[in-house]
Amino acid sequence: MEKKKENPDILLLQDIYKSISLRSDVLIALLEKTENRELKELLSAAIDTCEGFAGRAGQRLELLSTQAKAPGMLEKIPSEISVKASMLTDSGTSKIAELVIEGAVSSVSEYKERIRDADQAGASLDNIRLAGDILSFHEEIINKMRPYL
């Protein structure tokens, strides 16, 4: 029996939807911990951007007759525990910036790999560009958070 090849666009968009939704959840958790007004504004803007990316991925999945799959509890728990554990000893502005940067650095390498794999699998250029936009967003957030370290 021949194995059905999965659509590379659906795979990429589902991956984008889940990862950017998880990133938004982490940023929301960090936003709730900060007292710094400027940092709150940056985090709020980043959350809005994440939600916009998730919306775009969701719309593109709908065009492919596929429903976006939100991250499950097993996917959310590790990041929630990590944020809470990291904030136990230090919940200051620099710690929050450090956590945002760590997550963004990890996302940059993940998105570089996603883009490479999607390109090799034959995903559409528009969806690869969406992943590239998210990669650029993560690089930008790293630069915006550095002054808070």
To the nearest 0.5 angstrom, please state how far the CG atom of L135 sits from the CG atom of L130. 11.5 Å

Please identify each residue that fulfils salt bridge (charged side-chain N to carboxylate O under 4.0 Å, His left out) with [X], with sequence neighbours left out.
| X | value |
| --- | --- |
| E98 | K95 |
| R129 | D126 |
| D133 | R56 |

Minimum heavy-atom distance between [X] and [Y], given as atom pair plus value:
| X | Y | value |
| --- | --- | --- |
| I141 | A46 | CD1-CB, 3.7 Å |
| N127 | L12 | O-CD2, 3.6 Å |
| A57 | I16 | CB-CG2, 3.9 Å |

Taken in chain and number order and not counting sequence neighbours, the residues that satisfy ring-ring contact (aromatic ring centres under 6.0 Å, His included) with Y17 are none

Selection [range] - residue pairs positive for ring-ring contact (aromatic ring centres under 6.0 Å, His included), sequence neighbours left out:
| range | result |
| --- | --- |
| residues 18-47 | none |
| residues 83-135 | Y111-H138 |
| residues 51-82 | F53-F137 |

Before giving the answer on side chain to side chain contact (heavy atoms under 4.5 Å, CB included), spell out for I96 and L43 the whole-Å C-alpha distance, their side-chain angles and the decisive distance to 0.1 Å. CA-CA 10 Å; I96 291 170; L43 291 172; 4.1 Å; yes

Give every residue pair that meets the side-chain hydrogen bond (donor to acceptor under 3.5 Å, both in side chains) criterion with at least one member in residues 39-53, sequence neighbours excluded. R37-E41

Should I115 and L11 be regarded as members of a common hydrophobic cluster, given that ILVMFWY residues are connected when their side-chain heavy atoms come within less than 4.5 Å of each other, either directly or indirectly? no

Do you reckon L13 sits in the same ILVMFWY cluster as L63, going by side-chain contacts under 4.5 Å, direct or chained? no

Tell me every residue that passes side-chain contact (heavy atoms from CB on, under 4.5 Å) with I10, counting only those two or more places apart in sequence or in another chain. N7, Q14, L61, L64, T66

Once side-chain contact (heavy atoms from CB on, under 4.5 Å) is applied, do any residues pair with L42, and if so which ones, sequence neighbours excluded? K144, M145, Y148

What salt bridge (charged side-chain N to carboxylate O under 4.0 Å, His left out) pairs are there with at least one residue in residues 114-125, not counting sequence neighbours? D15-R114, E110-R114

Donor-acceptor contacts under 3.5 Å from residues 22-35 side chains, at least two apart:
| unit_1 | atom_1 | unit_2 | atom_2 | d |
| --- | --- | --- | --- | --- |
| R23 | NH2 | G103 | O | 3.0 |
| R23 | NH2 | S107 | OG | 3.2 |
| T34 | OG1 | N36 | N | 3.2 |

